[in-house]
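Every chain is numbered from 1 and lettered A, B, ... according to where its sequence line falls, protein lines coming before strand lines.
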Amino acid sequence: MSESNKPLNFIAQIIQQELAEGRCTQVVTRFPPEPNGYLHIGHAKSICLNFGLAESFGGRCNLRFDDTNPAKEEKEYVEAIKRDVEWLGYTWDQECYASDYFQQLYDWAVELIKKGKAYVDSQSSEEMASQKGTPTQAGTDSPHRTRSVEENLRLFEDMKNGKYKEGEHVLRAKIDMASPNMLMRDPVMYRILHRAHHRTNTDWCIYPLYDWTHGESDYLEQVSHSLCTLEFLPHRELYDWFLDQLVSKDRLRPKQREFARRNLSHTLVSKRKLLQLVEQKVVDGWDDPRMPTISGMRRRGYPPKAIKNFADAIGIAKRDNVVDLSLLEFHVREQLNKTAPRVMAVLSPLKVVITNYQEGKEEWLEAENNPEDESAGFRKVPFSRELYIEEDDFREEANRKFFRLKLGGEVRLKNGYIIKAESCTKDSKGNVLEVQCTYDPKSKSGSGTEESLRKVKGTLHWVSIPHAFEAEVRLYDRLFSDPTPDAHKDRDFMEFINPDSLQKITAFLEPGLKEAKVGEQFQFQRMGYFNVDTDSTPGNPIFNRTVGLRDTWAKLDQKE
RNA sequence: UGGCCUAUGGUGUAAUUGGCAACACUACUGAUUUUGGUUCAGUCAUUCUAGGUUCGAGUCCUAGUAGGCCAACCA
């Protein structure tokens, strides 16, 4: 691969070293989502990391659903997650479910009880919390901590057999109520939950908790490197303690490694807050193109390769970070620039009449589909006496920096002729309604004449009015105006919602676009990249702005 | 206040493990351009602070400072 000489991130370095030292012979990773919601850009990073690492070391990566909480999980999410991972272009080795290990986990728990390493506690969660102590103060032992093995076994079995109500008992690991690590103060391993599970239905009424599931699942799947975000770092001690109780020396012992979660500017990723946006109809649903969900980015038109390259570019480390959205947008443009056919679309029309162009005449001009890709070929676009150009592309008068059309000035119509603005008509408020131009018949693009080779500073896109095709275009912008909308202590993230994050307009497009199919992507020249939204119907495409083009003029203009 | 983690341009990561601080994005110049796009060339750093070790420190030592994480029968 061309990336072989790229410096390794710290996790890849660890893997390389452990491979060399023989701790493991093959790299096995896993992507372990809980099926309780939709995947977002943060998950995408984790997917790229886990699958990417396995790929580059010739190993494999499992997709594992961490489904130990039936109160929150649904099959619908399992399907959505699989769709998103596939869309990113990854193929998992095994499709696993923590729920497949419930029996094994139960058996191991019984063993722990027999070894005196776990006990049934019968206090309320409030009582247990009050005994937990604080980070600076040791906890106190539960009165049930000294129950006999026999009593614990009987109670645990009765828990499993549904003899108790929720909250009556829990199974706890017997570790150390004075540990400086709060997680080691006799953590709960099982709770009673009389709930149907999306896969095991009512087979179980006790469910294992995260800590008593994750490492064990890793062990059962013989995962060599269990990667997670930094907030799980304190869990590592417990992860190892549980494994200590059950690993056999001849099998691979998984290791947990932590990396810092990536924060993307101008967005947030908290499930609760995203849900709020959906419920309060700030957005159109979980796959709204403004959402940071994978399904939202897909609908927005972000290519999977762009997301992968982005994930790769931001790297991996252990410090707090906020990655600028513009880096993601750069990778989106980088992909689309190579692949998206160029077309002409006028988003905000201004009528131009070419007074010396014969009335009723039409010409079909040759237009290049993609200057970045010769194999993309050419197409024909209709030209006539009456055209639309972009409102912003005309000013009655302007300084030298304005390369576009102004009275007495010349400009080239892309793929067409050089025109000169002679006059304009305005309404009573002074708004320009129409621009009258003359054209140079000899300046036709590609004709090879001296006039056609003449340089004019500006080139405008345009659409022939009689041929134009009207379509709905949705102009999306960032959802939040603040780089870190949910990092303000005294201000709610809802205050930072960008009121202009969506603008629906009717645009005028070259006629060929009428046949555009859902998912197809285009560059509207000088405007941005657009894709056909899933709301479209045949013959009535709706276009989403995926991302604008870099616009140095907009910046220049703003400074004035 | 206990334990743990972290600190390198505006942003995100590198630095052959003690040897000229590099890459990408952003921003700004300029060139090219029938997209103010693309492409090309260039500009932007007292490596958190203060001491110390060393011929030599982003890297090692000491003391600070700042930020983050940890007390769910969530994951």
Side-chain angles (χ1 to χ4, degrees), chain A residues 6-9 32-34 36 66-69 71-73 98 121 124-125 128-130 132-139 166-172 179-183 185 187-193 206-207 209-211 213-214 228-237 258 260 262 265 271 310 313-331 333-334 337-338 342 344 368 371-372 401-404 411-416 418 445-446 452-453 455-461 483 523-528 548-557:
Chain A
K6 258 186 65 181
L8 298 177
N9 64 53
E34 182 187 13
N36 70 342
D66 231 334
D67 55 350
T68 58
N69 187 359
K72 291 186 178 175
E73 296 149 7
D121 200 335
S124 68
S125 59
M128 283 171 50
S130 69
K132 202 125 201 185
T134 70
T136 54
Q137 228 178 342
E166 289 184 12
E168 270 190 85
H169 304 283
V170 292
L171 184 73
R172 296 177 78 177
S179 170
N181 183 347
M182 299 291 294
L183 288 158
R185 324 248 260 225
V188 174
M189 296 168 67
Y190 275 95
R191 80 288 216 185
I192 297 168
L193 236 39
I206 57 170
Y207 291 93
L209 276 96
Y210 168 84
D211 288 297
T213 305
H214 206 91
C228 59
T229 47
L230 230 32
E231 58 266 34
F232 287 93
L233 201 150
H235 293 252
R236 181 145 119 191
E237 191 181 359
E258 309 82 10
R262 314 323 278 178
S265 78
K271 202 165 293 177
F310 168 72
I314 59 181
I316 176 176
K318 293 172 87 165
R319 54 174 156 162
D320 298 329
N321 60 82
V322 182
V323 182
D324 203 292
L325 220 208
S326 63
L327 183 59
L328 210 206
E329 293 179 337
F330 164 80
H331 285 283
R333 290 191 190 104
E334 187 190 38
N337 179 47
K338 291 189 267 199
R342 272 58 170 172
M344 293 196 286
E368 190 177 21
E372 305 294 315
K401 283 187 186 165
F402 186 76
F403 302 164
R404 288 113 103 134
V411 87
R412 174 172 290 282
L413 294 177
K414 178 87 185 165
N415 308 311
I418 293 174
S445 292
S452 75
L453 299 172
K455 300 280 180 207
V456 285
K457 195 63 184 167
T459 301
L460 307 184
H461 64 279
Q523 185 196 95
F524 290 1
Q525 280 179 114
R526 307 209 299 135
M527 296 280 100
L549 255 29
R550 269 188 79 223
D551 192 349
T552 28
W553 164 246
K555 286 170 201 155
L556 253 179
D557 195 31

Taking atom [atom2] of [N] as reference, at what distance in whole Å does atom [atom1] of [X] sit?
| X | N | atom1 | atom2 | value |
| --- | --- | --- | --- | --- |
| N415(A) | rU34(B) | CG | P | 12 Å |
| R404(A) | rU35(B) | CZ | C1' | 11 Å |
| D551(A) | rG36(B) | CG | P | 9 Å |
| R412(A) | rU33(B) | CZ | P | 14 Å |

key: Phosphate OP1/OP2 of rU38(B): any R550(A) side-chain N/O under 4.0 Å   = yes
ask   = Do any side-chain nitrogens or oxygens of K401(A) fall under 4.0 Å of OP1 or OP2 in rG36(B)?
value =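 Negative; the distance criterion is not met.
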task = Using a 4.0 Å cut-off on protein heavy atoms (strictly under), produce a 5'-to-3' string for nucleotides 64-75 of chain B with B for base contact, S for backbone-only sugar-phosphate contact, and - for none.
result = ---SS-SB-BBB
inquiry  = Output one letter per nucleotide in nucleotides 18-24 of chain B: B when a protein non-hydrogen atom lies under 4.0 Å from the base, S when only the sugar-phosphate is that close, - when neither is.
reply    = -------
Write down the protein N/O and nucleotide N/O pairs, taken from nucleotides 39-42 of chain B, whose separation is under 3.5 Å; answer none if there are no such pairs.
none

message = Holding to salt bridge (Lys or Arg N to Asp or Glu O under 4.0 Å), I want the full list of residues that pass it with D67(A), two or more places apart in sequence or in another chain.
response = none
ask   = Which residues satisfy the salt bridge (Lys or Arg N to Asp or Glu O under 4.0 Å) test with R333(A), sequence neighbours excluded?
value = none
ask   = Under the side chain to side chain contact (heavy atoms under 4.5 Å, CB included) test, which residues partner K72(A), sequence neighbours left out?
value = E34(A), N36(A), N69(A)
inquiry  = Which heavy atom of A98(A) sits nearest to which heavy atom of T213(A), and what is that distance?
reply    =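 Scanning both residues, the minimum pair turns out to be CB-CG2, 3.7 Å.
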